Every structure is written in structure tokens, then in C-alpha cells.
Amino acid sequence: MQVEIRDDFDLQKIAACGQCFRAKPLAGGVWRFLTGRHVLYIKKLADGLYDVSCGEADWQAVWAPYFDLARDYGALRAQADGGCPFVRDAVQCGCGLRVLRQDPWETLVTFIISQRKNIPAISRAVELLAARFGEPVGAAGEPVCAFPTPEALAAAAPEALAACSLGYRTAYVRDAAEKVSSGELDLRAIAVLDDEALFQALQQVRGVGRKVADCVCLFGYGRTARAPVDVWIARAIDGQFGGRNPFPAYGENAGIVQQYIFYYQKNPTSSNREK
DNA sequence: TATCAGGGCCTAG
DNA sequence: CTAGGCCCTGAT
């Protein structure tokens, strides 16, 4: 079916801005996205017009929330810079990206895996996990597996997990799988907590520190006041903000602005390529 | 081929 | 608070 999306929406940027690791361009301009057990094939037909592989019910229930379509990014961009030239350039550069609302479990594990890895390495590890422990969910002729359940990963042999390029993170993923599958950590229940309590609850898992917890808050629970500070954002703070973290001042939009700045740090436009 | 850094976290000091 | 180790990959 076809859907109309009038706000900022650039599939390339959405897939490339380091928040999801399984989005993939297929032949003919089609992009594949995955979340939970859901698969979406989406293709741009014209400005603001897209062909999607799902029906209306799934679009409304799963994918519109996933792409954060209820938020007006155009309006946010217009007001976000606060007179700061760097932020102004960043939101212009990243126009079209969206902060995805992903499955909390998948977000937790993928960001545990992300530590000390670059994006291609993260994607590789996550794909190996899905292929080895996930359920097939793809369309005919396009084999792909859902992200494994907590139960599947809890039952996995450590050696089999380690074979998915997890390295020292194997123990962390196992701890997450055990805590979640046993109910010791209830990812659904903690959704009612306030930002700080959620942030703390997530750090019960081994291998989850501030940065990973913030990523899960932002990308898995839609807590847009959280702004994860990774090496790229730290560089921006040092280089552009005199060492002072600018994100608290953005309040509920901090996480969105963080994504623009992150994208800009990694994809500087030619006129701003120094540093 | 060798080296380094990569969307950190844990532990010890 | 800071330094080092960690397991593996991708980039140079």
C-alpha cells in the first residue's frame, strides 16, 4: 500500500545514523527494516509518497511509531539551533533523519554489542546472532530472521554466542538474556519508570553503563530527554562547546538534537570538514 | 603484514 | 577519578 509522509524522512540517513544496525538497501530502491518480529519493505515513490509492504493496521500500530512519525521534525529543526551556528549546520546536514522507537530488548542487546565496535562490526555481529538464533520472518526470496528472543539467547551455548563475534561481550549478552528471560528484569514493566529510574534499572545488566543505558532509554523507550555521550559526541562537546555538555539545555529534545550532531560529526559537509 | 581505533565497561588503584 | 585490559573487526 502507499503512505504519505510529509515531514522529514530520508531512508538513507535513518539507516545510517547509527541507531539501528539491520536496515538494508535492497534492489530497486527498496529498504528493509526490522523490529521485533516485524519486517518492512519500503520504497520512495515521490516526494512524501512511499510504498510499504505492510497493511494499514501494522503501519499504524508498528511502523508509524517506529519512525516517530507523530513528531514534527521540521518544526523542531526550525527552533533547535538556539542561535548556535554549529547546531544550525548539524540539523541542516541531518535533515531527514528520525530517532527510531525500537524494540527495547533488541535495543538493549545491540547496544551492549556496540561497545568498542564500529558500525560495520556491530551489524555483522547482530546479523550473525539473528541468523543463528532468530526465527525466519522475511518475505519469499528474501530470507531474514527476527532478532532472537531473550529465551533463545539464554538457552544458547556460550561458545555459540561467542561465535557471533561478541568477544568479551558474550558474558554481557548472556547476563541480559538471563535477567530478561527469567523476569528479573522486566523490560515492559520498567517502561513506566521515570527517565532516571529507567536509566538506573537498565544498568543492572552487566556490560550496561551510562552510554548504553542512555541509548536504550532513547532508542528503545523513546526518552528523548536522554542524550548518550559517545566518542563522537564527546568530540563535539570538546571541539564545539568548550567542553560543556550542551544537551541538558535542550530538555525533551536533547536526544533528537544529539542525533543530528552525531550524524554531522560522522558526515561533515565539505565546508565544515576540518576536525 | 602490521598497527590502530572503534557509538564502553569493569576492576583495581 | 584515572588507567589498563578486554575480544574482535574494519580501516589505513
Side-chain angles (χ1 to χ4, degrees), chain A residues 12-24 90 93-94 97-104 106-132 147 153 156-179 185 199-221 223-224 226-241 243 245-247 254-268 273 275:
Chain A
Q12 164 68 40
K13 288 182 185 174
I14 290 167
C17 66
Q19 52 182 325
C20 62
F21 303 99
R22 302 193 68 196
K24 184 179 175 184
C93 172
L97 68 77
R98 308 194 73 86
V99 173
L100 300 178
R101 175 71 176 269
Q102 304 180 65
D103 175 74
E106 182 170 349
T107 308
L108 174 63
V109 177
T110 56
F111 281 92
I112 287 172
I113 293 171
S114 77
Q115 60 193 80
R116 287 300 280 180
K117 280 180 180 288
N118 53 27
I119 291 175
I122 300 164
S123 294
R124 181 180 132 82
V126 173
E127 289 301 337
L128 286 169
L129 270 185
R132 176 70 180 77
F147 190 80
L153 292 189
E159 311 80 58
L161 280 182
C164 298
S165 297
L166 301 190
Y168 65 86
R169 306 161 196 81
T170 300
Y172 301 161
V173 171
R174 296 202 68 213
D175 188 57
E178 285 169 8
K179 284 191 164 78
L185 177 62
F199 179 67
Q200 295 299 336
L202 290 166
Q203 290 180 72
Q204 293 170 21
V205 177
R206 282 184 61 78
V208 178
R210 313 160 77 86
K211 189 274 180 180
V212 171
D214 264 339
C215 286
V216 179
C217 287
L218 178 59
F219 303 126
Y221 289 92
R223 302 303 177 91
T224 56
R226 309 301 303 198
V229 177
D230 54 59
V231 297
W232 295 93
I233 292 297
R235 283 171 196 162
I237 291 173
D238 282 345
Q240 304 293 335
F241 297 98
N245 187 326
F247 294 106
I256 316 281
V257 174
Q258 186 265 8
Q259 271 303 285
Y260 285 115
I261 292 176
F262 177 79
Y263 184 85
Y264 189 46
Q265 279 294 119
K266 295 201 76 175
N267 304 278
R273 201 178 293 279
K275 181 99 186 77

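Everything quoted here is computed from the prediction, not taken from an experiment. Within every chain, numbering begins at 1; the chains are lettered A, B, ... in the order of the sequence lines, protein sequences first and strands thereafter.
Cation-pi contact between A:R22 and A:F147: absent, since separation from the ring centre below 6.0 Å together with deviation from the ring axis within 45° is not met.
What separates CZ of A:R116 from P of C:dA11 is a distance of 16 Å, to the nearest Å. As a whole-Å value, the separation of A:K117 NZ from C:dC6 C1' is 12 Å. If you measure from atom CZ of A:F21 to atom C1' of C:dT9, you get 15 Å, rounded to the nearest angstrom. For the pair A:W232 CH2 and B:dA5 C1', the interatomic distance rounds to 10 Å; values are reported in whole Å.
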Check your understanding: How far apart are the C-alpha atoms of A:R210 and A:D214, what are their side-chain angles, what is the distance that settles it, and do they pass the salt bridge (charged side-chain N to carboxylate O under 4.0 Å, His left out) test?
Key -> CA-CA 6 Å; A:R210 313 160 77 86; A:D214 264 339; over 6 Å; no

Practice item. Any chance you could lay out the side-chain contact (heavy atoms from CB on, under 4.5 Å) test for A:Q259 and A:R98, step after step, and finish with the verdict? Key: CA-CA 8 Å; A:Q259 271 303 285; A:R98 308 194 73 86; over 6 Å; no

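Relative to the side chain of A:K211, the nucleotides B:dC10, B:dC9, C:dA11 differ in distance, and B:dC9 lies closest. Looking at the side chain of A:Q115, the nearest of the listed nucleotides C:dG10, B:dG6, B:dC9 is B:dC9. Of all nucleotides listed (B:dG8, B:dG6, C:dG10), B:dG6 comes nearest to the side chain of A:R235.
In this structure, A:Y260 OH and A:K13 NZ are separated by 9.0 Å, a value rounded to the nearest 0.5 Å.
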Check your understanding: So what's the dot-bracket for DNA chain C: Watson-Crick or G-U pairs under 3.5 Å, [ ] if a pair crosses, | if it pairs off-strand?
Key -> ||||||.|||||

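For the pairing with A:D175, the side chain to side chain contact (heavy atoms under 4.5 Å, CB included) check across A:L185, A:V205, A:I112 returns one residue only, A:V205.
Heavy-atom minimum distance, A:V216 versus A:P104: CG1-O, 4.3 Å.
Of the residues in residues 162-175 of chain A, those placing a heavy atom less than 4.0 Å from an atom of DNA chain C are A:S165, A:G167, A:Y168, A:R169, in numerical order.
Partners of A:F219 by ring-ring contact (aromatic ring centres under 6.0 Å, His included), not counting sequence neighbours, listed by chain and number: A:F111.
Mapping A:R206 and A:K266 onto DNA chain B by nearest heavy atom places A:K266 closer to the 5' end of the strand.
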